[in-house]
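Heavy atoms only: backbone and side chains are in, while hydrogens, waters and symmetry mates are out.
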Amino acid sequence: MPHEELTEAQLAAVHHVDGPLLILAGPGSGKTRVVTHRIAQLLELGIPARNIIALTFTNKAADEMKRRVGLLAPLASVWMSTFHRFCARLLREYAPYVGLPENYTIYDTSDSLQALKHALDALDLDLTHTTPDRVHSAISWAKNNLITSEQYEPRRGSPLGAIVARVYPEYQKRLLESGAVDFDDLLLHTAVLLRENPEIRRRLDERYRYILVDEYQDTNLAQYTIVRAMSVDYPNLAVTGDPDQSIYGWRGANLSNILDFEHDYPNVKIVRLEQNYRSTKRILRVADRLISFNKRRKLKSLFTDNAEGRPVRLIFHPTQRDEAEQIASCIEAEVRAGRRRPRDFAVFYRTNALSRALEFALREFSIPYQMVNGLEFYQRKEIKDVVAYLHLLNNPRDNVAFTRIINTPPRGIGRGTIAKLQIHAAQRGLSLLAAARESGLIEGLNKKAAVAVAKFVAFFDHLTLSATAPVEEIIGHVLADSGYHDFLKQSEDEDDQERLANIEELLTAAREFDEMHPATGALEAFLEQAALVNDTDAWEVEDDRVTLMTVHAAKGLEFPVVFMIALEEGIFPHERSRNEEDQLEEERRLLFVGITRAREELHLSRACYRHYRGQFRPTVPSAFLMELPQEELDFQQPKTAAAVDQALSAAMSDIHCESQHGDDGIDFDPHDLEFAPRPSLPVSSEENHADFPVTLSSEEGQSEGVVAAPPFRLTTAAELAARNAEVAFSGPTPAEKISPEVFHQGMVVQHPIYGLGKIVALSGGGAKRKATVMFASGAGEKHFLLAHSPLRPATQNT
DNA sequence: TGTGAGTTGATTTTT
DNA sequence: TCAACTCACA
């Protein structure tokens, strides 16, 4: 095997055979190459493939590893899989040890949430101060930290904890009754299995003598424990990771696992891969500076022999529309000039909701794009419906599946009937399907409902006859016999026609699966597959399209040109991360990950105004921008910035500004801002003379009526006038003032921030003329001094 | 039981 | 904005 293309550091990792190995791999340092070469090396040394296992977090990563090992060692069949899939297989074998049937069902997030809601309902818990979602993630957190339902103890005085303490056991009981596990259970059950059965642990340790774990910084305690348990007698554990790229703390990933690796495995060999083969020097310096603000990390110095490259661009746009259009036109120009192809570009954003303006702009410019995510295929209602039939066939105890399909399509079996079935099932210790078989015996169930239930059971029993057929055939039976196909076909709704098309796609997937797995027992394997894949896996490098994705989804990928948008306080870093230093560091790592995806060009941007969650509001630049090395940046504030200022000023003019001393959570010194990304706030009204600087913009901690404004230096009125003279206005509000006399009672008016409203009262005259406007946006009633307000009749431009 | 209007409350999401 | 959920009515 030729290794000469590997560097010394890489070779050190590749040639390491026995004993623990920690590979600290910076972004773009050729980590996957090292791992794949190392597997090939182990095989070459005569270690049987069956003794090696490689664990990853995503199917994508596992597939990529398989592909590349396949190139180096074509005949080997090393098991490379995700943690969850590995556990799922293991549990099929050892299911009885943890109280599961062998045909257990894997619930996806929405299924398990459903099960949790049932449990909450049954216990009649008060959820006024929390949501099932939060309870769900609290349970998930507990499971990831190996806290079983029996062990769970709430923090004292925590209302959420008290609820979890009660519902967790009930939820777990229900899962077991349904013969089901959630994603976290796959890990938890496996960890418990290994902990409580030394014999099994020993066997697996011996079997998997060489273990490789990718993205180790993202492991949680459960995963750590599983790996640890299998590397006691044979501690040949090699992990790769980068603490700076840990972005899944919110899912229970524990940074300590990698930070303390040396402690847990004393004789560890550590290899640092610090040379970057991906990005330009400038991009790397920007990333390096940013991440240096984090405290919890392992110091490492990134360097590259790559070209210096162009400065990183930082652009402030007036609105998100300008942002999107500028990106689209930039891409179009590059493609048209033949310098780049669409697939060279990627746009990253913090939250999915931010993709909308981009999609719109890209369509407008006729640029092909692919969005990773959206609604995942297996999450679509129609797919979940059909798959639920399969689940119930495979595991008749699956109560979530039963509840999902009992009245889908409508069979006249409503909530009341289902509730009665549930009571009956609980009383007799039956599954819902078994209870349904006794529908005639159920107390209080009227005849019509009982007959409908009996009919369903008869249909389902008939369906069972085909359960061993190829999956495609089973689905065919489900569609035809359940009436689901006809139900959709007869529907007037256009969406339902699309649903039929999606079901066709499911049939195709099933056919392909059947071809690859001709053995019997296909149904169970198909369901496992369906539960453990997601759509990010479907992302195609080959397609010549611009890629749109969240920063999280971008991990592990790279693109010649990367745009990152909406670098604004509250969005990136996300508002929910602002209070805790740990979380803020994770946000910073997230930005680090995004930046280091770029090979040649990086464009960062922010819109001064953004439509977000139905509101049009001014924004504050992300504090992270202030941490970037300004000498590497090419900062551009568009000409229309003056227009932005004015719109902002107009918006401010009618609202009382509360001044606050000190800072409002945004902690940086304006003097550091030599490059001054500062939309400024002009003083333009008698009502707006409060003691500046006005700091606002976070929703919390502000009294009502206070509006956001960036905590920057103020432009003087004279400066503003000068700038306005230079630049024609093209922003969100018209430059010309509207005479106060134009407004009349009942008129529908437009406001740049609050949107549409209606004038409910008028008073005064001339320059003092005031209006009271009731807004539709939920902003309520506001008072305006018409001479200075940004209000205008809505009819002008709608 | 099924449906349409109104209310509410929003990250990220490997599996 | 938007989708998920509730609630009142047919």
Interatomic distance, A/Asn220 CG vs B/dT15 P [rounded to whole Å]: 14 Å

Would you tabulate the nitrogen or oxygen pairs shorter than 3.5 Å linking the protein to nucleotides 2-11 of chain B?
from: B/dG2; atom 1: OP1; to: A/Gly412; atom 2: N; distance (Å): 3.3
from: B/dG2; atom 1: OP2; to: A/Asn407; atom 2: ND2; distance (Å): 3.0
from: B/dA10; atom 1: OP2; to: A/Arg134; atom 2: NH2; distance (Å): 3.4
from: B/dT11; atom 1: O4'; to: A/His574; atom 2: NE2; distance (Å): 3.1

Between A/Ile247 and A/Thr417, name the one whose nearest nucleotide on DNA chain B is closer to the 5' end. A/Thr417

Less than 4.0 angstrom between a side-chain N/O of A/Lys117 and OP1 or OP2 of C/dC5, yes or no? yes

Contact summary for A/Arg597 and A/Lys555, nearest pair of heavy atoms: NH1-C, 4.4 Å

Which residue lies toward the 5' end of DNA chain C, A/Arg356 or A/Leu113, if each is placed at its nearest nucleotide? A/Arg356

Between A/Ser256 and A/Arg296, is any pair of side-chain heavy atoms under 4.5 Å apart? yes

According to a 3.5 Å limit on both distances, what stems of 3 or more consecutive Watson-Crick or G-U pairs are formed with DNA chain B? B:1-10 with C:1-10

Do A/Phe592 and A/Pro27 have side chains that get closer than 4.5 Å, going by heavy atoms? yes

Whole-Å distance separating the CZ atom of A/Arg251 from the C1' atom of B/dT15: 6 Å

Check the distance between C/dA3's C1' and A/Gln379's CD and give it to me in whole angstrom. 15 Å

With a sphere of 6.0 Å drawn around CZ of A/Arg68, does it hold more than 12 non-hydrogen atoms of other residues, nucleotides or ligands? yes

What integer distance in Å separates A/Glu359:CD from C/dC2:P? 11 Å

Before giving the answer on salt bridge (charged side-chain N to carboxylate O under 4.0 Å, His left out), spell out for A/Arg404 and A/Asp111 the whole-Å C-alpha distance, their side-chain angles and the decisive distance to 0.1 Å. CA-CA 9 Å; A/Arg404 182 168 191 106; A/Asp111 294 330; 5.0 Å; no

Contact class for A/Lys448 (heavy atom, under 4.0 Å): base, sugar-phosphate, or nothing? nothing

A side-chain contact here means heavy atoms from C-beta on lying under 4.5 Å apart; do A/Val167 and A/Ile139 qualify? yes

Rounded distance (Å) that lies between atom P of B/dT13 and atom NE2 of A/His136: 17 Å

Spacing between A/His552 atom NE2 and B/dT15 atom P, to the nearest angstrom: 14 Å

Mind checking whether A/Arg67 and A/Asp63 have side chains closer than 4.5 Å, heavy atoms only? no

Let me see the working for A/Tyr208 and A/Phe86 under ring pair (Phe, Tyr, Trp, His ring centres under 6.0 Å), right down to the final yes or no. CA-CA 12 Å; A/Tyr208 302 111; A/Phe86 171 76; 5.6 Å; yes

Between C/dA4 atom P and A/Lys381 atom NZ, what is the distance in whole Å? 11 Å

Side-chain N or O of A/Thr109 closer than 4.0 Å to phosphate OP1/OP2 of B/dT15: no

Go through the side-chain N and O atoms of A/Asp322 and A/Thr319 and say whether any donor and acceptor fall under 3.5 Å apart. yes

Atom CZ of A/Arg85 and atom P of B/dT14 are separated, to the nearest Å, by 14 Å

